[in-house]
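All figures in this text were calculated on a predicted structure; none of them were measured in a lab. Counting begins at 1 with the first residue of the sequence. In what follows, every heavy atom counts, from backbone to side chain, and hydrogens, waters and symmetry copies are set aside.
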Amino acid sequence: MTSHPIALEAATLEDLGALVALESRCHTHPWSERGLRDAIVPVAGEGTILVLRAPWRPGEEARGIRAYCAFQVVAGEAHIHNLAVAPDARRQGLARRLLALTLEFVAGKARVVHLEVRAGNAPARALYRAMGFREVGERPGYYSAPTEDAVLLSRAEP
């Protein structure tokens, strides 16, 4: 677990550049700037991007963002669209912490939480399993570069 101070905050449009940069460092097919902007200010449902932010100074490109989670709640269902941790901040418990905080945030607003993950992403699948998610299906060939199935996961909320 990380030992430095870190805060949970809702991303703002001022974070957009930092999120685009982090997204491109974490994924082979990163979300576009427009996609991230739309997640910060959703058109439908309730959602946002939550960030775990370390102390930072004005002018720092990364704005202290160590991890982020994009989600949306629509019609009583939460959908976690993206969860990313800065490569140099991995293996410090940030993904688990951010996922737990996101689940707390959607509690009472959603009956179920859905997400998908690459079939070959064993660390993420283990985290989701430990956090109460169950595999409910797959999408063959869903991901590219490399081509890989998506595993669909759900967790019922109390």
Side-chain angles (χ1 to χ4, degrees), residues 1-2 6-16 18-20 22-24 26-54 63-86 89-144 147-158:
M1 196 76 153
T2 184
I6 199 157
L8 177 72
E9 299 177 359
T12 67
L13 290 176
E14 289 79 25
D15 294 320
L16 190 55
L19 290 169
V20 168
L22 178 56
E23 178 72 4
S24 67
C26 292
H27 300 291
T28 57
H29 287 81
W31 278 20
S32 67
E33 182 175 324
R34 180 178 179 175
L36 287 162
R37 182 184 310 109
D38 289 349
I40 292 170
V41 185
V43 177
E46 179 183 342
T48 192
I49 295 179
L50 296 177
V51 299
L52 288 179
R53 190 186 312 268
R63 296 179 53 85
I65 298 173
R66 309 310 295 141
Y68 77 90
C69 181
F71 70 93
Q72 187 173 25
V73 179
V74 177
E77 294 187 355
H79 298 264
I80 295 177
H81 297 298
N82 205 345
L83 182 102
V85 176
R90 292 181 181 158
R91 304 196 56 80
Q92 298 177 28
L94 294 180
R96 179 180 299 275
R97 183 174 175 186
L98 183 54
L99 181 58
L101 291 166
T102 301
L103 293 172
E104 285 181 35
F105 190 86
V106 302
K109 300 173 187 175
R111 298 177 314 278
V112 64
V113 180
H114 303 288
L115 60 84
E116 63 197 30
V117 63
R118 280 183 178 268
N121 190 342
R125 290 176 72 178
L127 169 65
Y128 298 140
R129 201 170 25 257
M131 299 292 289
F133 284 86
R134 300 291 168 248
E135 295 182 7
V136 296
E138 67 180 359
R139 291 189 177 123
Y142 182 77
Y143 291 105
S144 60
T147 300
E148 194 168 2
D149 296 347
V151 177
L152 308 175
L153 300 125
S154 292
R155 171 187 150 139
E157 291 301 299

Determine whether Asn121 and Tyr128 make a side-chain contact, defined as any pair of heavy atoms from C-beta on separated by less than 4.5 Å. no

Check whether Asp38 reaches the backbone of Gly35 with its side chain - one donor and one acceptor, N or O, closer than 3.5 Å. no

Check for a donor-acceptor pair, side chain of Arg90 on one end and backbone N or O of Val85 on the other, with a separation under 3.5 Å. yes

I need the Leu115 CG to Thr102 OG1 distance, nearest 0.5 Å. 11.0 Å

Say you draw a straight line from NE2 of His81 to CD1 of Ile49; how long is it, rounded to the nearest 0.5 Å? 10.0 Å

Value for CZ (Arg53) from CD1 (Ile65), rounded to nearest 0.5 Å, stands at 4.5 Å

Within this structure, what is the CZ-CG distance for the pair Arg34 and Leu16, rounded to the nearest 0.5 Å? 12.5 Å

Side chains of Glu77 and Arg111, heavy atoms from C-beta outward: is any pair under 4.5 Å? yes

Please state whether the rings of Phe105 and Phe71 are parallel, tilted or perpendicular, taking 30° and 60° as the class boundaries. perpendicular

Can you name the nearest heavy-atom pair linking Phe133 to Val113, along with the distance? CE2-O, 3.6 Å

Begin from the C-alpha positions of His114 and Leu152 and carry the test side chain to side chain contact (heavy atoms under 4.5 Å, CB included) through to its verdict. CA-CA 7 Å; His114 303 288; Leu152 308 175; over 6 Å; no

Using side chain to side chain contact (heavy atoms under 4.5 Å, CB included), reason through His27 and Asn82 one step at a time and then give a plain yes or no. CA-CA 10 Å; His27 300 291; Asn82 205 345; 3.3 Å; yes

Do Leu98 and Val51 have side chains that get closer than 4.5 Å, going by heavy atoms? no

Between Leu50 and Ala10, the two heavy atoms sitting closest are CD2-CA, 4.2 Å

Measuring from Glu148:CD to Glu138:CD, what's the distance to the nearest 0.5 Å? 11.5 Å

Check Val151 against Ala119 and note the closest heavy-atom contact, atom names and distance. CG2-CA, 3.7 Å

If I compare all heavy atoms of Ile6 with all of Ala54, which pair ends up nearest, and what's the gap? CG1-N, 3.9 Å

To check you understand the geometry: which heavy-atom pair defines the closest contact between Tyr143 and Asp149, and what is its length? CD1-O, 3.8 Å

Specify the closest pair of heavy atoms between Leu22 and Ala86, including all atoms of both residues, with the distance to one decimal. CD1-CA, 3.5 Å

Arg129 side, atom CZ; Glu135 side, atom CD - distance, nearest 0.5 Å: 6.5 Å

